[in-house]
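Data first, discussion second: the structure below is written as structure tokens.
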Amino acid sequence: MIGRLNHVAIAVPDLEAACAVYRDALGATVSAPLPQPDHGVTVVFVELPNTKIELLHPLGEGSPIAAFLSKSPAGGIHHICYEVEDILAARDHMKAEGKRVLGDGEPRLGAHGKPVLFLHPKDFNGTLVELEQA
């Protein structure tokens, strides 16, 4: 069921400084900031030959990333995202396996314009997992 690694998401307290590290120090291609009001974040994608790094910065006071940064002010890895062929079949399989799908269990459009779901970190060795329709 699990496909390729789509991205690793890193919460950052200073989006411009984080972009500069990847662009200037590491020579990576960095996208323009993309506000995602439905998710309470602004995202930037760092393009790598085999995957992406997603830099996450809070957008608005209710942002889940603001809560994450309040516990980890320097930032850190927030989640990993795997591609799946069929998001609804993946959701149903996860539920059948006793894994918790966050939110109302219905896919929402993610930053790539594709349906996504998040799985509870306690079910995946302390790691928040995002599934994205391939």
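Just so it is clear, the values below take in all heavy atoms, side chains as well, and ignore hydrogens, waters and symmetry mates.
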Exercise. Hey, are K52 and E47 close enough for a salt bridge, meaning a charged N less than 4.0 Å from a carboxylate O?
Worked result: no
Problem set entry | Contacts of D14 that satisfy side chain to side chain donor-acceptor pair (under 3.5 Å) - sequence neighbours left out | none
For this session: List for me each residue that meets salt bridge (charged side-chain N to carboxylate O under 4.0 Å, His left out) alongside E16, sequence neighbours excluded, and say none if there are none.
Result: R23
Exercise. Are the side chain of H7 and the backbone N or O of A9 linked by a donor-acceptor pair below 3.5 Å?
Worked result: no
Exercise. Are the side chains of L55 and Y22 in touch, meaning some heavy atoms are under 4.5 Å apart?
Worked result: yes
Problem set entry | Short side-chain to backbone donor-acceptor contact, T42 and L34, under 3.5 Å | no
Exercise. Are Y82 and E130 side-chain neighbours, meaning at least one heavy-atom pair lies under 4.5 Å?
Worked result: no
For this session: Determine whether V116 and P107 make a side-chain contact, defined as any pair of heavy atoms from C-beta on separated by less than 4.5 Å.
Result: no
Problem set entry | Test side chain to side chain donor-acceptor pair (under 3.5 Å) applied to Q133 - qualifying residues, sequence neighbours left out | none
Exercise. With a 4.5 Å heavy-atom cut-off, do T127 and I80 have their side chains touching?
Worked result: yes
For this session: Heavy atoms only: give me the nearest L69-P13 pair and the separation to one decimal.
Result: CD1-CA, 3.9 Å
Exercise. Do E54 and H78 meet the criterion of a side-chain donor-acceptor pair at a distance under 3.5 Å?
Worked result: no
For this session: Search all heavy atoms of L59 against all heavy atoms of P35 and return the closest pair with its distance.
Result: CD2-CB, 4.0 Å
Exercise. Is I87 close to L131 at the side-chain level, that is, under 4.5 Å between some pair of heavy atoms?
Worked result: yes
Seminar exercise, completed: residues 91-110 vs ring pair (Phe, Tyr, Trp, His ring centres under 6.0 Å), sequence neighbours excluded, gives none
Problem set entry | Closest non-hydrogen atom pair between F68 and G75, with its separation | CE2-C, 4.3 Å
For this session: Using modelled atom types only, decide if a donor and an acceptor are shared between the side chain of D123 and the backbone of K99 within a distance under 3.5 Å.
Result: no
Problem set entry | Pairwise ring pair (Phe, Tyr, Trp, His ring centres under 6.0 Å) hits with a residue in residues 26-62, at least two apart | F45-H112
Exercise. What side-chain hydrogen bond (donor to acceptor under 3.5 Å, both in side chains) pairs are there with at least one residue in residues 60-69, not counting sequence neighbours?
Worked result: none
Exercise. Looking at side-chain heavy atoms only, is the closest gap between D38 and L109 below 4.5 Å?
Worked result: no
Exercise. For N125, does the CG atom sit with more than 12 other heavy atoms under 6.0 Å from it, leaving out its own atoms?
Worked result: no
For this session: Flag the pair M94 / M1 as yes when at least one side-chain heavy-atom distance between them is below 4.5 Å, and no otherwise.
Result: yes
Problem set entry | Minimum side-chain heavy-atom gap V30-V44 below 4.5 Å | yes
Problem set entry | Value rounded to 0.5 Å, distance of CD in E132 from CD in E83 | 6.0 Å
Exercise. Taking R108 for the side chain and G103 for the main chain, is one N or O donor matched with an acceptor at less than 3.5 Å?
Worked result: no
Exercise. When clusters are formed by joining ILVMFWY residues with side-chain heavy atoms under 4.5 Å apart, either directly or through shared neighbours, do V8 and F124 land in the same one?
Worked result: yes
Problem set entry | Interatomic spacing from CG in L117 to CG in D104 - rounded to 0.5 Å | 9.0 Å
Exercise. CG of L48 to CG of L5: how many Å apart, nearest 0.5 Å?
Worked result: 10.0 Å
Exercise. Are L119 and L102 close enough, and set up right, to give a side chain to side chain contact (heavy atoms under 4.5 Å, CB included), and what steps lead you there?
Worked result: CA-CA 6 Å; L119 305 174; L102 298 178; over 6 Å; no
Exercise. Is the backbone of E106 close enough, under 3.5 Å, to the side chain of R91 for a donor and an acceptor to pair up by distance?
Worked result: no
For this session: Verify the neighbour count for atom NZ of K95: are there more than 12 heavy atoms of other residues, nucleotides or ligands below 6.0 Å?
Result: yes
